[in-house]
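The sequence lines fix the lettering, A, B, ..., with proteins before strands; numbering per chain opens at 1. Nothing here was measured: the structure is a model prediction, and the numbers come from that model.
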Number of protein chains: 2
Amino acid sequence: MESIVGSSTEIKQRYFTGSSVYTQQSRCSLAERLNMNETNSQAQWITQQIMAEMAKSHPESASPSRAISDSAQPALMVPVGISNRHVHLSREDMDILFGYGSSLTRMKAVKQPGQFAAAETVTIKGPKKAIENVRILGPLRSETQVEISIADGFVLGVQAPIKMSGDLVGSSPIEIMGPKGSVTKDGGVIVAWRHIHIPCDMAAQYGLTDGQEVSVQTEGHRAGIMQRIAVRATQASVLEMHVDVEEANAYGLTNGSLVKVIG
Amino acid sequence: MESIVGSSTEIKQRYFTGSSVYTQQSRCSLAERLNMNETNSQAQWITQQIMAEMAKSHPESASPSRAISDSAQPALMVPVGISNRHVHLSREDMDILFGYGSSLTRMKAVKQPGQFAAAETVTIKGPKKAIENVRILGPLRSETQVEISIADGFVLGVQAPIKMSGDLVGSSPIEIMGPKGSVTKDGGVIVAWRHIHIPCDMAAQYGLTDGQEVSVQTEGHRAGIMQRIAVRATQASVLEMHVDVEEANAYGLTNGSLVKVIG
């Protein structure tokens, strides 16, 4: 069930690639970004809740009362991608850990375009313990970033903050060891904030904007409403919700599970 | 953050202690058990949701509209107890693992009356790997039961079902190793179904009955509505919600966190 998936595509990492034209294209248009009406969205969510409860209590009357819904659009269903712990490396740290001028070996593409799981792994070491065989995700980035679970933090002895990928303010220190050397980072360790990657046109269609938070409903023995999921809307995104292993297990999710956005 | 807490107090384990009077006393009365009105509870939850949304949109009008709530009672707040993986042993398996006639050493009381974390630990071994230093919770029970997380299941190579404590139908096989011997169990491994222990009088006061499922709201970066939490109402219970480490981490909970029952 555990798999390696890429973290969110970072606008500033795009700059780092040197392709500023691509960067401009990758952002959603202003019109797309202003599309969201949060109050309407909340009202719609409440309406859906009430409708569901009414349908349970009075199944016979559920169908006609659908007319009060302000949208004929089916709910947005998002496939789940589970992120195991992983590392993004900067050029400088790649040089130290794997040798000057070394490059990552593409092992497996992940769903977000351009990103891949590399054949290379590192050991990460905290004040308490080390964790070996931590996968590197490519391509290289402007800054090294280590993404772990909260349980990993207890193993390492590191209390990493829950942060969006790329936001390393207040992140925790770590030592990273590779076959050719090791680096001690003052920061860089985060627990990734759960998020949904969505292409701009689809975001606009569903009234979602980059940066807003949404909720999804999960089903089964561990049914729950996962709240505060960040929306990451870019032109090049592929629809996918990224959660870590603990979030997946606690909400009864596996890779490819479909979850319903409910507000 | 990880700690050892006891799993739910089992009626049939009470029988095993030989104290049938205590067993009779421990169950909630019929009146208490029939108190719950689920539809009212759901309606109340929806109302609370709408009130909260209205308060956000129109803070000035929030106060008067409280009158539509059908209950003046404050919400039920439940402290969280996080269960790490642990084992309950039968007399027979205790004899094999620790020697004939051996007894558990009380190391630390847990919140549910009569239960304790023992000084003794065992190794549990699945088809893939073993996990050492797994704590035993006392007292002894009629049947051996191993409670793990879903992540532990991946480590062991065991796909354990999510089950209420004591319900071992369809549970997974495991090998348990102690200092004096080992036993191979055909079943006994479960992932514990999350549950709230509550004394009967408090359950009645909040319209809850043993066996029903409720939801709680958690707050913070990993806010969510945890659904399908089983209510375990007995006379001797102490109010506490038992979740495993993954559930705690995914919902932003630590030991002693207070969660609000919302339906």
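B:Gln227 approaches A:Thr218 most closely through the heavy-atom pair OE1-O, 4.3 Å. Summarising the geometry of B:Glu247 relative to A:Ala250, their closest heavy-atom pair is CA-CB, 3.6 Å, with the distance given to 0.1 Å.
With sequence neighbours left out, the side-chain hydrogen bond (donor to acceptor under 3.5 Å, both in side chains) criterion links A:Asp244 to B:Arg222. Residues meeting the side chain to side chain contact (heavy atoms under 4.5 Å, CB included) test with A:Glu175, sequence neighbours left out: A:Lys125, A:Met177, A:Ser182, A:Thr184.
The side-chain heavy atoms of B:Glu246 and A:Val245, taken from C-beta on, include a pair separated by under 4.5 Å.
Taken from CG in B:Asp152 to CG in A:Asn249, the straight-line distance is 10.0 Å, to the nearest 0.5 Å.
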